[in-house]
Amino acid sequence: MKHLVSIEDLSKDEIIKILNKSEEFEDVALGKRKSRILESKILANLFFEPSTRTRISFETAMKKLGGEVINVSAQEASSMAKGETLADTVRVISNYCDAIVIRHPLEGAARFAAENSNVPVINAGDGAGQHPTQTLLDLYTIKKEIGRIDGTKIALVGDLKYSRTIHSLIKALTLFNTKIYLVSPPILDLPVEFIDELDGDIEKVELESVIGEVDVVYVTRIQKERFLDEEEYKKVAGSYRITIETVKRMKDDAIILHPLPRVYEIAIEVDYTKQARYFKQTFYGVPVRMSILTEVML
Amino acid sequence: MKHLVSIEDLSKDEIIKILNKSEEFEDVALGKRKSRILESKILANLFFEPSTRTRISFETAMKKLGGEVINVSAQEASSMAKGETLADTVRVISNYCDAIVIRHPLEGAARFAAENSNVPVINAGDGAGQHPTQTLLDLYTIKKEIGRIDGTKIALVGDLKYSRTIHSLIKALTLFNTKIYLVSPPILDLPVEFIDELDGDIEKVELESVIGEVDVVYVTRIQKERFLDEEEYKKVAGSYRITIETVKRMKDDAIILHPLPRVYEIAIEVDYTKQARYFKQTFYGVPVRMSILTEVML
Amino acid sequence: MKHLVSIEDLSKDEIIKILNKSEEFEDVALGKRKSRILESKILANLFFEPSTRTRISFETAMKKLGGEVINVSAQEASSMAKGETLADTVRVISNYCDAIVIRHPLEGAARFAAENSNVPVINAGDGAGQHPTQTLLDLYTIKKEIGRIDGTKIALVGDLKYSRTIHSLIKALTLFNTKIYLVSPPILDLPVEFIDELDGDIEKVELESVIGEVDVVYVTRIQKERFLDEEEYKKVAGSYRITIETVKRMKDDAIILHPLPRVYEIAIEVDYTKQARYFKQTFYGVPVRMSILTEVML
């Protein structure tokens, strides 16, 4: 049985295979072609914490392929969790579906669920752990919007310390021949241990020094809670904000990505520039998840 | 792209077209005929406040036509609203569906959503604003149960001041050649400015004086919160209540409507009279919404 | 119209018919065969209190047969209940679907709902009342895992006083030629009035004295709330717990069932013995509910 728990479970070839297959599903996602290949299959969305965007993205992917979805809300899931072990919950739910998408506040929960499930388990985020489908859709967006992943220069901007999305993405990017620039306030730097593990071309820089040469600016939210002091937060958040001025210094065919929701870190005016691709990025979640769902269920 | 934000967006001809099309869908709603014309289409129910009846009515309409529905509950929607702007939420959701039904506590929210959406937006009630699909189903019920809209005499009873349903309905009724009687306690009268705007045959009366001649008695709830004093509320609510005695004075082929839920304003015994059509009215929500959904999505 | 409110509504022949039909649906439940026989039909899950397992089981059964499901959550249902009577809620919802599954905290609510519904109503548990689909899946599990119901010896273990599941199951078992052993702490004994009503071969025993001869050990949870004193609870719960030692004394082809969730009453190690069939039992809920859904809707 195939689970998708961590991006590290996939080789470069397997990633490329999923991305290529995503491309075939794009016209189904766009409604240009109908497909019923997942008819009679049931996906259970087992979300121990809410993540509406991710839930909906999987639901749309499943339904546009003729499949059905059963949602277990955070409230229901927590109520189950109070009355029985996660192992029992997963055993029961896996008797009612053909695959499980799990979201859980604790790192390792998705792996544990996979070990107790009769059906494939897809990790949709487990605490500080992994969120591999986000990484795959990020890679797919770069591939589609830049035309390639190999050879691209990517600036990762914002919270590099706590962002699960960034950690997974860096690991995947180092499988490709990419140049990675880290752009973060010192207190949100990528942990040193993390860099040591990686075998990639990675460099900590100021955004200013690379903005004119990068192909991708990948922005993440800087959370107020990380700062002791509101003043300090405002100063830092302000200096890592993407504005029209930032965009003007970017290459004409460079792109800005963001896992969303976006708050302050990208100015609204940027939405109307052609570099802004973060809404398109959310759309790409559909064909990528179609690719993953068919991979584990068929 | 076609949105349905306000009943005023529709001409009389467009309203008639939607009502005629609703008639064609009635046997699908009744299960006498199968249809899959919305297969592979996805409707997102984006409800920033709960409205279970409306949500279910859209869901049934969509599913009986072979379409799929993604629900975003009030809880999920509010949680999204805390983390990002309504514009961003709508942009993201519209990447995952073929149409959005929005319910929101603030007037104007549906129009704003439509402006930010890649897909058609249907207003299912925005604060004191509009609820056009309710109006269309009200008109359809009159058409079906009386046989025509033109030429009917309609008494609007209860809260005419705050009821969004009433405001939309009056506007639509004035497009047809109807006689409208307003029946309300003084503190819940239709606002004067509102009447001034309308070009219709409208008259404020006592129910007693018209009960024997009207074709439709349309009742709305008188809410306790509108009164400073419980005693005053009870007195008023009692005197605008529809009872068996009221029904006896109605024409044999006249009908009683109510947008539901009904609390005290129609006595239970009235349910068993042939004038009572408020449950049938809820059923008519299905073919009417089928008509609207196919109108905006196909 | 056919409702399923109480197991007592069914004759032995009707029960056997449902169980036989369940067998035909088993390969659909397992995904070995596709079926669309409930296409265009809509089931409303109207849950006034949460019961995720039961809800999902019905949802899967419906969807694997090509049908559609509309969920009304406990939160939405309670909110409806505040604004109108249960009769009105049921009348409205029954205009939007082809059958209703109702779960309600009050005994008698399902019968009342059936009386007010335009479509078949299936009781998924109403307070201390009935939960007939659980009983049918319990019977089906015995039939499938033992090979027959007639002639089996069954020990009912744990809370026999308050368990709705047990009460329904005993009534059904007495229709078959079974030997029923009651195993419970004195304060959780089956009520005497209850036994008087039954015409079956029923005996109160110690588990020890029958463990080597029974075909089925049906375990239910002993709830802490039933005891005044935590110490007393622990002592009792401990002495009615199924462990590896209990399993060793069972017949080789005997089985252990439990309606789940399971907390302390069956040790985790027991899960890996071949006698443990409580997870398989949850799976059997799907074909049994398929059988019931087609019975009431087709």
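Reminder, nothing fancy here: chain letters follow the sequence lines and each chain counts from 1.
For the pair A:Q130 (side chain) and A:I7 (backbone), a donor-acceptor distance under 3.5 Å is present. A donor-acceptor contact shorter than 3.5 Å is absent between the side chain of C:R55 and the backbone of C:N45.
Only the side chain of A:Q75 comes within less than 4.5 Å of a heavy atom of chain C; its backbone N, CA, C and O stay farther away. Contact annotation for A:S79: neither backbone nor side-chain heavy atoms come within less than 4.5 Å of a heavy atom of chain C. For a residue to count as touching a neighbouring chain, one of its non-hydrogen atoms must lie under 4.5 Å from one of that chain's; by this rule A:V69 touches chain C with the backbone only. Contacts between C:D271 and chain A at a heavy-atom distance below 4.5 Å involve the side chain alone, from C-beta outward. For C:Q281, no part lies under 4.5 angstrom from a heavy atom of chain A. With a threshold of 4.5 angstrom between heavy atoms, C:I56 approaches chain A through its backbone and through its side chain. Of the two parts of A:N118, neither the backbone nor the side chain holds a non-hydrogen atom closer than 4.5 Å to a non-hydrogen atom of chain C.
Each of C:F25, C:F283, C:Y284 was compared with C:Y140 under the ring pair (Phe, Tyr, Trp, His ring centres under 6.0 Å) criterion, and only C:Y284 meets it.
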Go through A:K143 and A:D138 one step at a time and tell me if the salt bridge (Lys or Arg N to Asp or Glu O under 4.0 Å) criterion holds.
CA-CA 9 Å; A:K143 180 171 185 270; A:D138 290 342; over 6 Å; no

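A:R226 forms no cation-pi arrangement with A:Y233, by the criterion of a distance under 6.0 Å to the ring centre and an angle within 45° of the ring axis.
Between C:I256 and C:R277, every side-chain heavy-atom pair lies at or beyond the 4.5 Å cut-off.
Closest approach of C:I122 to C:F58, counting heavy atoms only: CG2-CZ, 3.8 Å.
Listed options A:S40, A:C97, A:A44 were ranked by heavy-atom pairs under 4.5 angstrom with chain C; first place goes to A:S40. The candidate from C:P50, C:A61, C:S57 with the greatest count of non-hydrogen atom pairs under 4.5 Å with chain A is C:S57.
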